[in-house]
Amino acid sequence: MNKRALTGILAAAAGLVLIASFLPAWTGAGTPKIKFKETSWDFGKIKQGEVTAHEFVFSNEGDDTLIIEKVATSCGCTAVLISDRSIPPGKTGKIEVKFDSRGYGGQVAKVVYVQSNDPKEPQRSLEVRANIEVPPSPKIEIDPYNYDAGLMVEGVEILANLKIMNRGELELRVEFNHRSAAYEVGGKP
C-alpha cells in the first residue's frame with residue numbers, strides 16, 4: 001500500500017470519528033444527567049408533632065431534557081412536591097419534602113425515591129432525618145399483651161389476670177367500658 005492511500009484511509013477514519021462524535025447532537029439523541037446539590041438532609045432536633053420541610057435542588061447536567069418520571073416516599077408521613085417534571089439541559093428543579101413527625105420519637109430517617117430518564121442513574125434516593133423529642137406522657141404496658149380466653153360458654157365467668165403498668169412520666173388513667181368488669185388497683189378492688 002502506498003503512502004498516499006494510507007493517508008487517505010487515515011483521513012477517512014478521522015472524519016468518521018469526528019462525525020460519530022457529533023452524531024448524538026445532530027440526531028437529538030443526547031442524554032440527560034440528574035445532579036443533586038445534596039441527597040440527604042438532617043432537620044436536627046424537632047418536637048413531636050412538628051411538620052418540617054426541605055427543598056432538594058437538582059440540575060440537568062446532560063444534553064437532553066431530563067424527565068422526572070416518578071417520585072415515591074417510604075412512608076405516608078412524608079410528602080413531596082416537584083417544581084417541574086421536565087428540566088431542559090443546564091436548568092434546575094426542586095423537590096420539596098415535607099415530614100410530619102406526629103407519632104414518632106427518637107432518631108427517624110425517611111427515604112424519597114426519584115425515578116428519571118437519566119440512563120446512568122435512573123433511580124436516586126433522597127433521605128431526610130430528624131431527632132424527635134417526645135414530651136412527657138403516660139405509657140401503657142400490659143402483661144400479657146394478648147390473652148386467649150379459649151372456648152367461651154354463655155353464663156360462665158372468665159377470669160384473666162392482666163397487669164397494667166405505666167412506664168411513662170405522667171399519670172396513666174385507665175377506664176373500663178365493660179359493665180361487669182372488676183379490677184384491682186394496688187391489690188384493692
Side-chain angles (χ1 to χ4, degrees), residues 24 28-148 160-177:
T31 57
K33 182 177 178 8
I34 192 167
K35 174 77 173 171
F36 280 91
K37 183 177 175 184
E38 76 237 337
T39 57
S40 66
W41 183 258
D42 191 342
F43 292 113
K45 284 187 177 184
I46 62 172
K47 294 191 184 308
Q48 186 181 53
E50 278 186 54
V51 177
T52 56
H54 177 71
E55 279 187 346
F56 287 96
V57 177
F58 64 95
S59 60
N60 180 3
E61 293 187 350
D63 54 6
D64 197 6
T65 301
L66 175 70
I67 306 295
I68 303 298
E69 296 167 350
K70 183 179 178 183
V71 178
T73 63
S74 63
C75 175
C77 63
T78 311
V80 294
L81 181 64
I82 306 165
S83 63
D84 197 356
R85 290 192 176 272
S86 179
I87 310 296
K91 299 296 182 186
T92 61
K94 296 175 186 173
I95 297 176
E96 182 182 20
V97 178
K98 287 186 179 181
F99 169 64
D100 185 347
S101 66
R102 279 182 294 173
Y104 290 96
Q107 293 287 339
V108 176
K110 299 299 175 186
V111 180
V112 174
Y113 304 98
V114 180
Q115 201 170 332
S116 72
N117 65 337
D118 180 336
K120 290 189 179 177
E121 292 185 279
Q123 183 165 310
R124 296 292 306 269
S125 296
L126 307 173
E127 182 184 68
V128 291
R129 295 180 306 279
N131 184 3
I132 302 166
E133 296 177 329
V134 180
S137 63
K139 183 178 178 187
I140 191 167
E141 187 175 301
I142 303 173
D143 183 34
Y145 185 73
N146 292 314
Y147 176 75
D148 184 0
N161 287 321
L162 304 175
K163 191 173 187 179
I164 299 173
M165 297 159 283
N166 180 9
R167 300 289 187 208
E169 298 87 20
L170 299 180
E171 179 185 11
L172 173 67
R173 294 185 50 111
V174 178
E175 296 178 14
F176 292 93
N177 289 331

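Computed over heavy atoms, backbone and side chain alike; hydrogens, waters and symmetry mates excluded.
- Look at Glu96 and Lys94 and you find no salt bridge, because none of the NZ, NE, NH1 or NH2 atoms lies under 4.0 Å from a carboxylate O.
- Between the CD atom in Glu127 and the OG atom in Ser74 there is a gap of 9.0 Å [rounded to 0.5 Å].
- For the pair Arg124/Thr39, a side-chain contact is recorded, criterion being any heavy-atom separation below 4.5 Å from C-beta on.
- In this structure, Phe56 and Lys37 have side chains that are not in contact, with every pair of non-hydrogen atoms separated by 4.5 Å or more.
- You'll find the side chain of Val112 stays beyond 4.5 Å of the side chain of Val128, heavy atoms only.
- Counting heavy atoms from C-beta outward, Arg102 and Cys77 have side chains that stay 4.5 Å or more apart.
- The shortest non-hydrogen separation linking Gln48 to Val134 is OE1-CG1, 3.7 Å.
- Not counting sequence neighbours, Glu169 has no partner by the salt bridge (charged side-chain N to carboxylate O under 4.0 Å, His left out) test.
- At distances below 3.5 Å, not a single donor-acceptor pair connects side-chain atoms of Arg85 with backbone N or O atoms of Ile67.
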Practice prompt. Apply the test side-chain contact (heavy atoms from CB on, under 4.5 Å) to residues Lys110 and Tyr104: give CA-CA distance (whole Å), side-chain angles for both, the deciding distance (0.1 Å), then the verdict.
Written response: CA-CA 12 Å; Lys110 299 299 175 186; Tyr104 290 96; 3.6 Å; yes
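- Distance check, rounded to the nearest 0.5 Å: OG1 of Thr78 to NZ of Lys98 gives 12.5 Å.
- Atom CD1 of residue Ile132 and atom CZ of residue Phe99 lie 4.0 Å apart, to the nearest 0.5 angstrom.
- For residues 106-148, the set of pairs meeting the ring pair (Phe, Tyr, Trp, His ring centres under 6.0 Å) definition, not counting sequence neighbours, is empty.
- Looking only at side-chain heavy atoms (C-beta outward), Leu162 and Pro144 come within less than 4.5 Å of each other.
- Between Lys120 and Asp118, the shortest heavy-atom distance links the atoms N-OD1, 2.9 Å.
- With hydrogens and angles disregarded, no donor-acceptor distance shorter than 3.5 Å links the side chain of Asp84 to the backbone of Ile87.
- Counting only distance, with no hydrogens or angles, the side chain of Glu171 and the backbone of Pro138 share no donor-acceptor pair below 3.5 Å.
- The aromatic rings of Phe43 and His54 lie perpendicular to each other, with more than 60° between the two planes, well past the 30° mark.
- Between Phe58 and Leu66, the closest side-chain pair of non-hydrogen atoms falls below 4.5 Å.
- The closest donor-acceptor contact from the side chain of Asp63 to the backbone of Thr31 lies under 3.5 Å.
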Item to complete: Start with the C-alpha gap between Asp42 and Arg129, add the side-chain angles, then the distance that decides, and say whether side-chain contact (heavy atoms from CB on, under 4.5 Å) holds.
Response: CA-CA 5 Å; Asp42 191 342; Arg129 295 180 306 279; 3.7 Å; yes
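- Rounded to the nearest 0.5 angstrom, Asn117 CG and Ile34 CD1 are separated by 9.0 Å.
- Across Ser101 and Lys47, no two heavy atoms sit closer than the pair OG-O, 3.3 Å.
- Closest approach of Thr65 to Ser86, counting heavy atoms only: CG2-OG, 3.2 Å.
- The side chain to side chain contact (heavy atoms under 4.5 Å, CB included) check on Ile140 picks up Ile142, Ile164, Leu172, with sequence neighbours excluded.
- At least one side-chain heavy atom of Pro119 sits under 4.5 Å from a side-chain heavy atom of Pro32.
- Residues Lys35 and Glu61 are not paired through a salt bridge, judged by the lack of any N-O separation under 4.0 Å between the basic side chain and the carboxylate.
- In this structure, the separation between OG on Ser116 and NZ on Lys33 is 11.0 Å, given to the nearest 0.5 Å.
- How far CD of Glu55 is from CD of Glu38: 10.5 Å, rounded to the nearest 0.5 Å.
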